[in-house]
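Worksheet: one structure, shown below.
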Amino acid sequence: MNTFPASGTWYLFDYGRVISTEPLAEDWDALGEAAGLDLRSPSSSYWAARLEYDGGGLSPAEYWASVLGRAVGGDDLDRLEELDARLWSRLNPRTLEVLDFLAAQGAHLALLSNMPEGMSHRYESEAAWPGFSPPATSAAGCAWSSRSRRSTGMS
């Protein structure tokens, strides 16, 4: 007897440390080198304003200024944003197997994440996993689900 729920069931996934893996030491090292600070520790300045940044309350320039203790912009800001996105870009193969299985069963997949808006747009345009759930909802305003944007009116 198949006990799997009928197609059409919704499954909600978080991104960080669920779809993605824990950041690798080499990625923390690259970000720390660019920042001139060790940011890996949970008590580092990387985390102090992270919830506000992820929630859309700070711009990238404001967030990184709080992390570094000085204004940052231009190429330096772009590099920090790129390295920050890389921290969370490695995909968990076991979760991808689950997503593949659920999608094949006709399940609806959705992503709810607190990733910053710029990061969500980067992943949406560059990464393979959003194919499982184009619109998700992030605290910063990203919206993806397994339905198309046209059918939901999302943009």
Side-chain angles (χ1 to χ4, degrees), residues 10-35 37-69 71-100 102-103 107-155:
W10 280 91
Y11 294 87
L12 181 65
F13 287 83
D14 189 15
Y15 180 75
R17 299 181 181 128
V18 177
I19 291 177
S20 75
T21 63
E22 184 75 26
L24 298 179
E26 65 196 55
D27 295 330
W28 279 115
D29 291 345
L31 181 61
E33 184 177 322
L37 299 168
D38 180 6
L39 300 175
R40 192 177 316 181
S41 167
S43 63
S44 78
S45 59
Y46 177 86
W47 297 108
R50 191 65 194 205
L51 287 176
E52 186 176 3
Y53 176 50
D54 288 346
L58 295 175
S59 70
E62 291 168 328
Y63 169 70
W64 287 107
S66 75
V67 171
L68 302 179
V72 61
D75 290 343
D76 290 339
L77 179 59
D78 292 344
R79 181 71 176 141
L80 290 167
E81 285 289 282
E82 175 187 327
L83 292 169
D84 187 34
R86 186 185 307 166
L87 279 179
W88 307 102
S89 67
R90 302 189 192 277
L91 303 180
N92 182 331
R94 294 183 67 199
T95 303
L96 293 179
E97 288 176 14
V98 171
L99 292 172
D100 277 332
L102 291 172
H108 297 289
L109 306 175
L111 172 71
L112 179 63
S113 180
N114 64 335
M115 73 177 71
E117 189 171 5
M119 188 181 293
S120 67
H121 291 303
R122 176 187 308 260
Y123 290 155
E124 187 175 25
S125 67
E126 298 175 5
W129 63 264
F132 289 110
S133 61
T137 300
S138 76
C142 179
W144 308 316
S145 75
S146 66
R147 295 181 176 185
S148 75
R149 288 193 173 109
R150 283 178 287 230
S151 68
T152 62
M154 295 177 158
S155 59

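Distance CD1/I19 to CG/N92: 9.5 Å, rounded to 0.5 Å. To the nearest 0.5 Å, atom CZ of residue R86 and atom CD of residue E81 are 13.5 Å apart. Between L77 atom CG and Y63 atom OH the span is 11.5 Å, to the nearest 0.5 Å.
Summarising the geometry of L12 relative to L112, their closest heavy-atom pair is CD1-CB, 3.6 Å, with the distance given to 0.1 Å. Closest of all the heavy-atom pairs between W10 and L109 is CZ3-O, 3.9 Å. A71 approaches A65 most closely through the heavy-atom pair CA-CB, 4.3 Å. Contact detail for L83 and A34: the closest heavy-atom pair is CD1-CB, 3.5 Å. Closest non-hydrogen pair, N114 versus L51, comes out as ND2-CD2, 4.2 Å. The nearest pair of heavy atoms linking L39 to S45 is CD2-OG, 3.8 Å.
The closest side-chain heavy-atom distance from W88 to M119 is below 4.5 Å. The closest side-chain heavy-atom distance from S44 to L37 is not below 4.5 Å. The side-chain heavy atoms of V67 and Y53, taken from C-beta on, include no pair separated by under 4.5 Å. Looking at heavy atoms from C-beta onward, L91 lies in side-chain contact with Y15 at the 4.5 angstrom threshold.
Under the rule for a side-chain hydrogen bond (donor to acceptor under 3.5 Å, both in side chains), the partners of E22 that lie at least two apart in sequence or sit in another chain are R17. With sequence neighbours excluded, the residues that form a side-chain hydrogen bond (donor to acceptor under 3.5 Å, both in side chains) with D29 are R40.
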Test side chain to side chain contact (heavy atoms under 4.5 Å, CB included) applied to F13 and V98, step by step: CA-CA 11 Å; F13 287 83; V98 171; 4.1 Å; yes
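A distance-only check finds no donor-acceptor pair linking the side chain of S120 to the backbone of M115 [under 3.5 Å]. Without hydrogens or angle criteria, E62 side chain to S59 main chain gives a donor-acceptor distance under 3.5 Å.
A salt bridge does not link D84 with R122: every distance from a Lys NZ or Arg NE/NH1/NH2 to an Asp or Glu carboxylate oxygen is 4.0 Å or more.
Below 30°, between 30° and 60°, or above 60°: for W28 and W47 the angle between ring planes is between 30° and 60°, a tilted geometry.
Residue pairs that meet the salt bridge (Lys or Arg N to Asp or Glu O under 4.0 Å) test with at least one member in residues 71-80, sequence neighbours left out, are R79-E82.
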